[in-house]
Amino acid sequence: MTHASEAAARPVARLPVNITPEGALRELADLRRKLAEGARRLGAFTEEDLAIATTPADEVYREDMIRMYRCRPTAARRKGVAVLIVYALVGRYQMIDLESDRSFVRKLLAEGIDVYYIDWGNPTRAQRWLTIDDYVSGYLDNCVDVVRAREGVDKINLMGICQGGVFSTCYAALFPHKVARLMLTVTPLDFHGDVDTPTRGSGYMNLWARSLSAEDIDRLVDTMGNSPGPLVGFSFLMMNPIGNLTKYSIDLLDILDDDKKLLGFLRMERWISDRPSNPGEVVRQWFKDLYQGNKLIRNELVLGGKTVNLKRITMPVLNIYAEGDVVVPNSCSQGMKGRFGTKDYTELGVPGGHIGTFVGGKAQKVLAPSIVKWLTAKRNS
Amino acid sequence: MTDSTTSLYTAWLDVLPQAFGAMVPATGIAAAPSPAGGPSDGHAFPFPVDQISAATKALDGILTQIYQGYLPLLAKGGVTGEPFKALASTANEAFNRLLASASTAAGAMPALAGWAEVTQSMQPWTASLPGLVPGAPGTGPGSGQLQLGIERTFGGLAEAFGLGPMRELAQAWREMLVAGAAKQRAQIEYLALVVEAWNQGTQGLLQELQAMGARGERVESLLAFIRLWARAVDAPLHETMQGSRGLEVTAKVIRAASQHRERLQKTIGLASEALHVPTRKDMDEAFREIQELKRELRRIKKVLPVATQKKLTQARESDK
């Protein structure tokens, strides 16, 4: 008997799929009804329903495309020194205040923390030459000075998120006399931390960046100028292609009949799709010096002619990482004790992913209270 | 909301029918209809309602196609693994053919799939440069050579009189087309790897179904079946794209795309120079100088109060 005839003679195994044509047609009709109903619900939402970052705040400083805001306090009693929140350039600051019932900012305000935050704005083609130093020693330093002057203090508390955490780290190392306490959240510090511990579905940006040559990065920046927001958005989609295919298709079926879930989804989408362009020189430096050269943790990063030495960070440091972070692998942000000059170093893992840390239900109960506790405890001691 | 905010939705939602089309054995990798505009066409709805509405519309079409595609299989009284294996094999063969045709792209671009459309879209340009562009139509036997000769003579004259860098432009145009073909090939190579990973996922799905059967479990709905399939594809896709080959083809796409962009900019730069229009390079230089001046101003502003204070102190001391 030949292989072909053997195969033909073999009985064809049935798969355990217990669906009749009639059942499938009924199911399809139900799903289509659900979709039609979902479309009707979608059409009923107003601009007000979908508004994000609604915590009242006042603009206190502006320079070029950047703006700094101070949130209006909500607590009767104020606790300690003001906190300036520094977000990443790859997204918008609204993530810290996405919805009123899952707003990180509102939680800090409710605890009596005075909150300032920076909106980095939308860099145009004219800003393609901005460097990391322009952000750190320029915009960020100016913002810190404004907060110091407004609050009448020498030092303020700085809190960085992701890329903003790297900027804050650099700032604290270059201007330690202006920072009382440094808080880092989901911040990559050791950009090669994932090399020895690769995890499936995690750390794509690290891998992509390392697989390019320095020449590739130069050509990319030279030809693109600024890195367009949609390109950054596309990179994030490609970190989880199947998840993002189902998110905009079959997973919608799970939320279309639930107004709360649907609104949460739409607000998150509103935030996630609003990606500013990134100045070309920042991208060049970020990829070559950090993703490829890992210069920050090695104390070799040079900004504006000055070396960023982490040992100069002698103020208390709180480093928070997200346990389920796949954008910044835990190995890139964890285990940093001894890397800074401070002896007062605290590391904390919180549930959730890179963004979920700030907006997820579980993480909401951990993040803000932990920060307030840390800030308050240090003040008392 | 800006164009750049919505453009990503348009691009990503276009991928949905292609991806789910690969789950329909009856139709192979043919795509379901692309999402049309949202139900709110013509009305202003808050962002991103239109985009998500378009996604639900697309899903409606996708589900209809999938369910209709499975009806003949279900009508036979049971589903076997054969149609899925055939589907994987068809997809592999289609991409292998595409890759084979793309391999010759640099030498014979017209063989590349989709080349006819590219040539057609370039017609207004190629008509003005007959004989210079590979695949561009000539007007008769030997006309290409004749036109090339004319271009060499008069192109040279034009350059000599500073009327335009004709030859350089033509060469840049050729390089751009070659780089465009290389980009297309890199993209096909990337997609072929994605399809390979997808097929591994399909194999995983069949194994999972067999294991479910052995445990006495059954898939009771097509939606559950689709979800099972998506889950089965997720792991091999990550493993492939994070592996050395995945990273290599990703880097290749990025490299090819930026090389194409570089050639495109060179061509446009030459044309702009010929027409005395400021080039991208000119603009970049101007922006760079402005940025340097702003940086300098920032430094001065930082030191000014200190210097002023010193000056005042000195003035006060000299008064004493």
Side-chain angles (χ1 to χ4, degrees), chain A residues 12-21 24-25 27-28 31-32 35 38-39 42-43 45-47 49-50 125-126 128-130 134 138 198 200-201 204 207-208 211-212 216 219-220 223-225 228-230 233-234 237 241-246 248-250 252-253 256 266 269-270 273-274, chain B residues 4-5 7-9 12-13 16 19-20 39-40 45-49 52-53 55-56 59-60 62-64 67 70-71 74-75 78-82 209 212-213 217-223 225-227 230 233-234 237-239 242 247 250-251 254-255 258 261-262 265 287-288 291 295 298:
Chain A
V12 180
R14 300 252 176 237
L15 298 172
V17 177
N18 190 26
I19 311 165
T20 61
L25 285 172
E27 191 187 343
L28 176 63
L31 293 175
R32 296 193 71 189
L35 285 170
L42 281 166
F45 290 131
T46 63
E47 182 62 40
D49 292 330
L50 301 192
R125 175 130 179 72
R128 69 151 290 185
W129 297 103
L130 283 172
D134 289 318
R200 186 204 290 160
Y204 267 103
L207 293 167
W208 287 331
S211 69
L212 295 171
D216 289 331
R219 191 187 302 108
L220 197 64
T223 56
M224 299 287 270
F234 186 73
L237 286 172
I242 296 297
N244 285 312
L245 281 173
T246 56
Y248 294 107
S249 54
I250 50 178
L252 286 174
L253 293 163
L256 280 173
L266 290 170
E269 284 301 301
R270 181 170 266 214
S273 59
D274 186 8
Chain B
S4 77
T5 313
S7 63
L8 195 54
Y9 279 107
W12 194 250
L13 295 185
L16 294 178
F20 285 98
S40 55
F45 277 77
F47 177 78
V49 165
I52 302 306
S53 295
T56 59
L59 181 59
D60 195 348
I62 288 165
L63 290 175
T64 304
Y67 278 67
Y70 277 88
L71 283 177
L74 299 174
V79 179
T80 68
E82 303 312 312
L209 284 168
M212 281 175 70
E217 296 168 7
R218 296 281 179 273
V219 180
E220 302 286 350
S221 85
L222 264 181
L223 185 63
F225 182 76
I226 296 165
R227 287 192 155 137
V233 171
D234 190 59
L237 194 60
H238 276 305
E239 263 152 34
Q242 282 183 310
L247 293 172
T250 306
I254 295 169
R255 194 171 298 132
S258 57
R261 204 176 165 87
E262 192 177 49
Q265 285 170 352
F287 288 140
R288 193 178 56 77
Q291 188 53 49
R295 218 170 269 149
R298 190 183 79 210

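Residue numbers begin at 1 in each chain, while the letters A, B, ... track the order of the sequences.
Atom OH of B:Y70 is separated from atom CG of A:L25 by 15.0 Å, given to the nearest 0.5 angstrom. Taken to the nearest 0.5 Å, the CD atom of B:E82 stands 9.0 Å off from the CG atom of A:L15. Remark: A:Y248 OH to B:L59 CG distance equals 14.0 Å, nearest 0.5 Å. In this structure, A:R219 CZ and B:R255 CZ are separated by 7.5 Å, a value rounded to the nearest 0.5 Å.
Contacts between A:T20 and chain B at a heavy-atom distance below 4.5 Å involve the backbone alone (N, CA, C, O). Residue contact with chain B, scored on non-hydrogen atoms closer than 4.5 Å, is absent for A:D49. Both the backbone and the side chain of A:L28 have a heavy atom closer than 4.5 Å to some heavy atom of chain B. For B:Q242, the parts sitting under 4.5 Å from any heavy atom of chain A are the backbone and the side chain alike. Proximity to chain A involves both the backbone and the side chain of B:A75, based on heavy atoms less than 4.5 angstrom apart. B:T250 touches chain A through its side chain: at least one heavy atom from C-beta onward sits under 4.5 Å away, while N, CA, C and O do not. With a threshold of 4.5 angstrom between heavy atoms, B:R298 approaches chain A through side-chain atoms but not through N, CA, C or O.
Across every non-hydrogen atom of A:L245 and B:F20, the tightest pair is O-CE1, 4.2 Å. Among all heavy-atom pairs drawn from B:F287 and A:W129, the shortest one is C-CD1, 3.6 Å. Contact detail for A:P16 and B:G213: the closest heavy-atom pair is CG-N, 3.6 Å. Here the shortest heavy-atom pairing between B:S258 and A:L220 reads CB-CD1, 4.0 Å. When all heavy atoms are compared, the tightest approach of B:L71 to A:A24 is CD2-CB, 4.3 Å.
In terms of non-hydrogen atom pairs under 4.5 Å with chain A, the most contact-rich of B:S221, B:A230, B:A251 is B:S221. In terms of heavy-atom pairs under 4.5 angstrom with chain A, the leader among B:Q265, B:R218, B:R288 is B:R288. Ranked by heavy-atom pairs shorter than 4.5 Å toward chain B, the options A:G225, A:G201, A:S211 are led by A:G201. In terms of heavy-atom pairs under 4.5 Å with chain B, the best-connected choice from A:L256, A:T46, A:T246 is A:T46. Between chain B and the options A:G43, A:P198, A:G38, A:P228, heavy-atom pairs under 4.5 Å are most frequent for A:G43.
The shortest side-chain heavy-atom distance between A:L31 and B:Y67 falls under the 4.5 Å cut-off. Residues A:L35 and B:L63 meet the side-chain proximity criterion, which asks for heavy atoms closer than 4.5 Å. Within the 4.5 Å cutoff, side-chain heavy atoms of A:L253 are placed close to those of B:L223. Between B:L237 and A:P241 there is a side-chain heavy-atom pair separated by less than 4.5 Å. Within the 4.5 Å cutoff, no side-chain heavy atoms of A:R128 are placed close to those of B:Q291. Side-chain atoms of A:F234 and B:W12, non-hydrogen and from C-beta on, do get closer than 4.5 Å to each other.
A donor-acceptor pair is defined here as one N or O able to donate and one able to accept, closer than 3.5 Å; such a pair exists between the side chain of A:E27 and the backbone of B:L222. Panel note: side chain B:R227, backbone A:I250; a donor-acceptor pair is recorded below 3.5 Å. Within the 3.5 Å criterion, the main-chain N or O of B:F47 finds a donor-acceptor partner in the side chain of A:R270. Between the side chain of B:E262 and the backbone N or O of A:T223, no donor-acceptor pair lies under 3.5 Å.
The aromatic rings of A:Y204 and B:H238 are tilted relative to each other, their planes meeting at an angle between 30° and 60°.
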